[in-house]
Amino acid sequence: MSDYQYILSTEHLYKSFGSLEVLKDVNLSVKKGEVICIIGPSGAGKSTYLRSLNQLEKITSGKIFIKDELFLHREHNRTIHRAEPEAQKAMLLEMGMVFQRFNLFPHKTVLENVMIAQVLVRKKTPEAAKKLAEEIIERVGLSDKLDVYPSKLSGGQQQRVAIARALAMEPEIMLFDEPTSALDPELVGEVLGVMKQLAKQGMTMLCVTHEMGFAREVADRVVFMADGMILEEGAPKDIFDHPTNEKAISFLRSVL
Amino acid sequence: MSKLKKLVTFKHWQRSTKTAVILIVAALVLVFVLSAINVSEQDMLNNASPAIKQIIEEEKTSSRKSLTITYNNLGVMNYISFTTSGASAIKESYVGFAGAIYGADEGGWKFAGQMVNYTYRMLGTGENLLHGVKLTLLLTTLSMGIGAIMSVFLALGKISENKLISKISSAYIFFFRGTPLLIQMFVIYFSVPGIFGFSWRSLFSAGDPEAVYKGAFIAALIAFSLNAAAYCAEIVRAAIQSIDKGQNEAAKALGMSYGQMMRTIIIPQSIRRMIPPLCNEFVMMIKDVSLVFAISLMDITTISKTIMTSEGNYLVFIPALLIYLVITAIFTLLFGKIEKRLSIYE
């Protein structure tokens, strides 16, 4: 069993862009292996929340804990210090991120996309990186596309490569930022398929998504966000069938 | 290995490449044949009139020289002229072409002879390395090369989050783009040695007859490089900033450092976008090199102007223009090829 209570948690997270408050006191705790879907109207701060978890946005105030330890910090003689760069990087790499617009490296082939950070950041030998990359690419079903450039792939295939690229860093938590929003409807299924398979294997996942069917089927917990706050959270059945919050009711009515 | 094989296999080439290669090979064959059958310098000398031959014989033993012989060989066509000074001056000239010798004192052959003579002088053939086309090519490629490398650091400096580095880079770019290249060159050639008490020619051994030119060339190279760096820096900065922010975020999320991200993700992608404006800058530089006239160096433009002034022939600009066009065409083609090569992933 793990020696920590929560693999990821946030306390009183605030984020503002100038005078615009995007996140207002967001508290969430995630256990290892949990799949959490974050839903809500656009502008709710869902993506910002996800992005602030792995430092793509700097939070204004609040605390992020990874495995019960303050993110990017370490405890020494009962005082909290900023961790060394290497330790910070290690904490950051506990999280893998998948973007709405894939953000694959267009000048690298599929294999190179999945290998590059392993070699540069994890300091693996190219042989070891290649072995793992091929293994993961096979898991997302693209073994026949190893030497293809991303521009030659469909959106769904690109997103699967992006998932493989994040998995190659062997993170414990996967963050999905609207992974299917930029896809043609007929390509959504293949990406959700890969995500379901990941969930089944016990990966801790945070997904910002508009795929309510996926949330209902796969999520252990659904979080409803609006106006930068978590307004409701609970089992998918409760949220979808008996929402209590006013805004959640009207949002779900409009999307279901 | 298969890539190399594909590259040298004729049938895999694109049609435009095939056409270009066929044309170039045909032109080379023609040039080779024409050069092979062309008359030699000795033939040209033997062709001179009896009066000239007599003078040549006389002056072999005397120390007094009144006869000037100019011989210009462009391979396919050569030109010789004999001029004597004094009261009874004789002037005669000949053009050798395709195995025959023609009198070039009037008409079409006179024009052809002048063109050969001017082209020969502008190419800098037979002169030192810092003359004519050789000077233009050397100065342009070297200063663009040095400038391009400097510009990457300037561009990264300008977009740096470090305020001081950003300010210094911006100031550098502002200064070199905001002042004339000619004055920048003057400052480096005249003022800098004045302030620090050295001279550019003294960088080379006193016995070197070309020390003056070499010194001037170094000064020009420094000025042109510093100037090119400023202009290229803006090109590089714009190209780097044109790369989608998502690339940046993906690299960060994968834990890459700033240096790793720039080196492996951002700069490789931006290079392709730099090529067209860099080609533009390069082509401008080829012509800007004419400013070196002001520090006693002779490039194509300077030579043509000198010929115009001393010989009063307004046709001298025709070969000058053609030479510039050929140089520009070659580099435009080269940059186009590089751009295509870098676009394989798009």
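Protein chains get the first letters and strands the later ones, always in sequence-line order, with residue 1 at the start of each.
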#### Entry: Pick from A:Arg165, A:Lys152, A:Arg101 with the largest number of heavy-atom pairs that fall under 4.5 Å of chain B
A:Arg165
### Message
Can you tell me which portion of A:Phe105 sits under 4.5 Å from chain B's heavy atoms? Options are side chain, backbone, both or neither.
### Response
both
#### Entry: A:Leu111 versus A:Glu134, closest heavy-atom pair with distance
CD1-CG, 4.0 Å
### Query
Less than 4.0 Å between a side-chain N and a carboxylate O, is that true for A:Glu94 and A:Lys67?
yes
### Task
Using a cut-off of under 4.5 Å on heavy-atom pairs, state which of B:Leu254, B:Asn248, B:Asp244 scores highest against chain A.
B:Leu254
### Query
Is the closest side-chain donor-acceptor distance between A:Ser143 and A:Glu138 under 3.5 Å?
no
### Option in A:Gln100, A:His107, A:Gln88 with maximal non-hydrogen atom pairs under 4.5 Å from chain B
A:His107
#### Entry: Heavy-atom pair of closest approach, residues A:Ala162 and A:Phe102
CB-O, 3.8 Å
#### Entry: Nearest non-hydrogen partners of A:Met225 and A:Gly228, listed with the distance
CE-C, 4.2 Å
### Query
With a 6.0 Å cut-off on ring centres, are A:Phe65 and A:Tyr6 close enough?
no
### Task
Taking all heavy atoms of A:Gly156 and all of A:Leu187, pick out the closest pair and write down the distance.
N-CD1, 3.8 Å
### Message
Does anything in residues 45-62 of chain A reach chain B? List residues with heavy atoms under 4.5 Å apart, or say none.
### Response
A:Arg51, A:Asn54, A:Leu56
### Query
What is the minimum heavy-atom distance between A:Val218 and A:Lys196, and which atoms define it?
CG2-CG, 3.4 Å
### Task
Work out which heavy atom in B:Val236 is nearest to a heavy atom in B:Ser151; give both atom names and the distance.
CG2-OG, 3.5 Å
### Query
Is it the side chain or the backbone of A:Leu175 that comes within 4.5 Å of chain B heavy atoms, both, or neither?
neither
### Query
Is it the backbone or the side chain of A:Leu92 that comes under 4.5 Å from a heavy atom of chain B, or both, or neither?
side chain
